[in-house]
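Please read all numbers here as calculations on a predicted model, not as lab measurements. Keep in mind that the numbers below use all heavy atoms, side chains included, and drop hydrogens, waters and symmetry copies.
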Amino acid sequence: MIELRNINFRYAGGTDASGLANIELIIPDGQVVLLCGGSGCGKTTLTRLVNGLIPNYYEGELSGEVLLDGKNISALPLYETAKYVGSVFQNPRTQFFTVDSTSELAFGCENQGLPEREIIQRVKSTAEQFNMNDLLGKNIFSLSGGEKQKIACAAVSAADPPVIVLDEPSSNLDMSATKDLGRMIRIWKEQGRTVIIAEHRLYYLKALIDRVIYLKDGKIEKDFTAQKAFELSAAQQVEMGLRPFDLGSFPVTVHPVVGGGMIECENFHFAYEKQRAALDIDRLSLPQAGIIAVIGHNGAGKSTLARCLCGLEKRCRGVVKVEGKPYNRKQRLSLCYMVMQDVNYQLFAESVEAECTFGIRNPDMETADQTLYKLGLAPFRERHPNTLSGGQKQRLAAACSMVCGKDLLVFDEPTSGLDYDSMVRLAELIRQLSKIGKIIFIVTHDYEFFCRTCTRVLHLDRGRVMDDFSISEESVQRIQEIFDVR
């Protein structure tokens, strides 16, 4: 079993945010445990204690003991801890060590010095268990986000640790890939492994978890059985900042759209090297007003469209016309602002406040201050962006987009790592931007955010437009079919 005894932790740098205080917790063998709570509540920090990244990788002030079958994890080197605990991170790219999928599945076993015959058998049986024989022998960097996550989970499983820790594993996955993730967790549960999941999206875990640990301000606020957690009313879940366990009860909101004008995309064709076309759109005409959701499964071409739209892909020769005025690729760099899926690529300044106006000539400081306040970032204005939680970084990148003053805004998975409260705040701010005339595209798999925010659906598959329609009472059934919500 896992036991945390009187744990207190504070990250190096003197900040208490995302740290832990007075943690007493016992997790028996074979239990599937959900860690939930608002962004920065300490979920990820707790997982880092269990897998040994604290104090071996993340420095800080630690007191208390973390025990696994009586062994003090904090005193073990990471290579020893890896025999007991496997980790799947929010971004699977950060944990790959090889360039092909088969080698990645074998990597952990090779590190343990297992015989070659046993390694081959483990790779084969793991691929069969997870129904992923078709992914073997492929270049990892050619895979979709969902396929990469599947490889990361399988690689951990092949190493056969008794404990598996997952940190926001569904944040960048479509509905189908999320269901695959749920099936993997079920396999681990049936094998008797202990599984600890830090997560904001809860619906796919309803039939899997045994226990819910709710954290707030670095402390364990509540410790539920799964059944007790499911009995929480919708009002109680909202008060706790939790997303719903049942997507079927989440209503699609029809937002009225006011305004005219069209945005046209012409000759949007793009292919990555030695691969099929990632984007194949001759012509696309969309209304300027409202908020356009770009949806589809992992690998459908959504992020590629976003990058081409903003002029970030040099080999895309497409032209965008706004109210008849054409913009080539270079011109779109000054017209558009993109919040990337991995916001770590676009945070540069020394403080949250400085980041909000970084690279902007004559920034509107009043708007910057109001945006930080509305997104709940004002208390962190002096903090370095790298000290923020994943959800807080996501909000900061969104804040930058609202201060930059550009006319066309593209958000690529903006709710990755966001709790319920942050998702609601972001939805409200994006609607306000739409009302003042900004053209907004949102690439998203987040059904709850989609329902609250968007006015139009642009559904892609294999780089082509499959559906293009306004959200209305008549289109709800089609939307639920695309998102696979029942």
Side-chain angles (χ1 to χ4, degrees), residues 93 135 138-149 172-177 262-288 290-322 325-343 345-346 401 406-414 416 439-446 450 454 456-470 479 482-483:
R93 287 175 294 180
L135 295 182
K138 291 195 173 182
N139 185 317
I140 283 178
F141 302 101
S142 70
L143 302 179
S144 70
E147 290 168 337
K148 288 175 183 172
Q149 191 72 296
N172 296 316
L173 301 186
D174 61 27
M175 291 292 194
S176 175
M262 301 297 291
I263 176 171
E264 297 173 87
C265 302
E266 297 177 356
N267 193 30
F268 267 52
H269 301 282
F270 184 81
Y272 296 99
E273 291 185 10
K274 298 180 181 179
Q275 295 182 41
R276 64 171 175 77
L279 200 62
D280 187 14
I281 299 174
D282 292 324
R283 185 179 180 85
L284 178 64
S285 183
L286 298 162
Q288 279 182 229
I291 300 166
I292 301 164
V294 184
I295 64 176
H297 61 75
N298 290 113
K302 304 182 301 300
S303 293
T304 303
L305 173 61
R307 291 178 60 80
C308 291
L309 190 64
C310 293
L312 298 176
E313 293 292 355
K314 292 183 179 181
R315 290 185 291 111
C316 180
R317 305 298 181 186
V319 173
V320 172
K321 293 181 180 178
V322 179
K325 181 181 177 180
Y327 293 84
N328 62 25
R329 185 191 70 82
K330 287 187 178 180
Q331 290 168 331
R332 294 201 300 278
L333 291 173
S334 59
L335 174 73
C336 306
Y337 186 94
M338 180 175 176
V339 176
M340 298 180 183
Q341 187 168 338
D342 187 347
V343 296
Y345 290 131
Q346 61 187 119
S401 74
K406 295 190 177 182
D407 293 324
L408 196 156
L409 306 178
V410 179
F411 298 86
D412 192 358
E413 297 290 353
S416 174
I439 304 168
I440 299 176
F441 286 77
I442 298 177
V443 176
T444 186
H445 297 303
D446 190 337
F450 168 88
C454 301
R456 192 173 188 87
V457 171
L458 183 63
H459 175 207
L460 299 185
D461 187 28
R462 299 185 180 184
R464 297 181 179 180
V465 177
M466 308 304 293
D467 294 284
D468 173 19
F469 57 86
S470 296
I479 290 167
I482 294 173
F483 278 98

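- Side chains of Arg464 and Ile281 form no contact here, defined as non-hydrogen atoms less than 4.5 Å apart.
- With rounding to the nearest 0.5 angstrom, the CZ atom of Phe141 is 7.0 Å from the NZ atom of Lys148.
- A donor-acceptor pair under 3.5 Å is formed between the side chain of Gln346 and the backbone N or O of Met338.
- Between atom SG of residue Cys316 and atom CG of residue Asn267 there is a gap of 7.0 Å, rounded to the nearest 0.5 Å.
- One distance of note links SG of Cys336 with CZ of Arg307; it measures 13.0 Å at 0.5 Å rounding.
- Counting heavy atoms from C-beta outward, Asp412 and Ile442 have side chains that stay 4.5 Å or more apart.
- Residues Glu264 and Leu284 fail the side-chain proximity criterion, which asks for heavy atoms closer than 4.5 Å.
- For the pair Pro326 and Lys321, the minimum side-chain heavy-atom distance is below 4.5 Å.
- Side-chain contact, His269 with Asp280: a donor N or O sits under 3.5 Å from an acceptor N or O.
- Inter-residue side-chain proximity for Arg283 and Cys265 is flagged as unmet; no heavy-atom pair is nearer than 4.5 Å.
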List the steps and the verdict of side chain to side chain contact (heavy atoms under 4.5 Å, CB included) for Leu305 and Leu460.
-> CA-CA 9 Å; Leu305 173 61; Leu460 299 185; 4.0 Å; yes
Begin with the C-alpha distance, continue with both residues' side-chain angles, and end with the deciding distance and a verdict on side chain to side chain contact (heavy atoms under 4.5 Å, CB included) for Asp461 and His297.
-> CA-CA 7 Å; Asp461 187 28; His297 61 75; 2.5 Å; yes
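- Nearest heavy-atom pair across Gln288 and Ile263 is CG-N, 4.0 Å.
- With no hydrogens or angles considered, no side-chain donor-acceptor pair links Ser334 and Tyr327 at under 3.5 Å.
- Note that the CZ atom of Phe411 and the CD1 atom of Ile291 stand 9.0 Å from one another [nearest 0.5 Å].
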Kindly indicate, with the supporting measurements, whether the criterion side chain to side chain contact (heavy atoms under 4.5 Å, CB included) is fulfilled by Ile482 and Ile295.
-> CA-CA 9 Å; Ile482 294 173; Ile295 64 176; 3.5 Å; yes
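- Panel note: side chain Arg332, backbone Cys308; a donor-acceptor pair is recorded below 3.5 Å.
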Applying side chain to side chain contact (heavy atoms under 4.5 Å, CB included), run through Met175 and His445 and close with a yes or a no.
-> CA-CA 7 Å; Met175 291 292 194; His445 297 303; over 6 Å; no
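- Taking 4.5 Å as the limit, every side-chain heavy atom of Ile439 sits out of range of all side-chain heavy atoms of Asp407.
- Atom CG of Asn328 sits about 11.0 Å away from atom CG of Leu335, to the nearest 0.5 Å.
- Taking CE of Met262 as the start and CG of Leu286 as the end, the distance is 6.5 Å to the nearest 0.5 Å.
- Among all heavy-atom pairs drawn from Arg456 and Phe469, the shortest one is CG-O, 3.2 Å.
- Closest heavy-atom contact between Gly301 and Leu279: O-CD1, 3.9 Å.
- A heavy-atom distance below 4.5 Å is not found between the side chains of Lys302 and Phe441.
- The backbone N or O of Gly311 lies less than 3.5 Å from a partner atom in the side chain of Arg329, making a donor-acceptor pair.
- Contact record, Leu333 with Cys310: CD2-O, 3.4 Å, taken as the closest heavy-atom pair.
- For Asp468 and His459, the side-chain atoms include no donor-acceptor pair closer than 3.5 Å.
- With Asn298 contributing its side chain and Asp174 its backbone, the two residues share a donor-acceptor pair below 3.5 Å.
- A heavy-atom distance below 4.5 Å is found between the side chains of Leu309 and Leu408.
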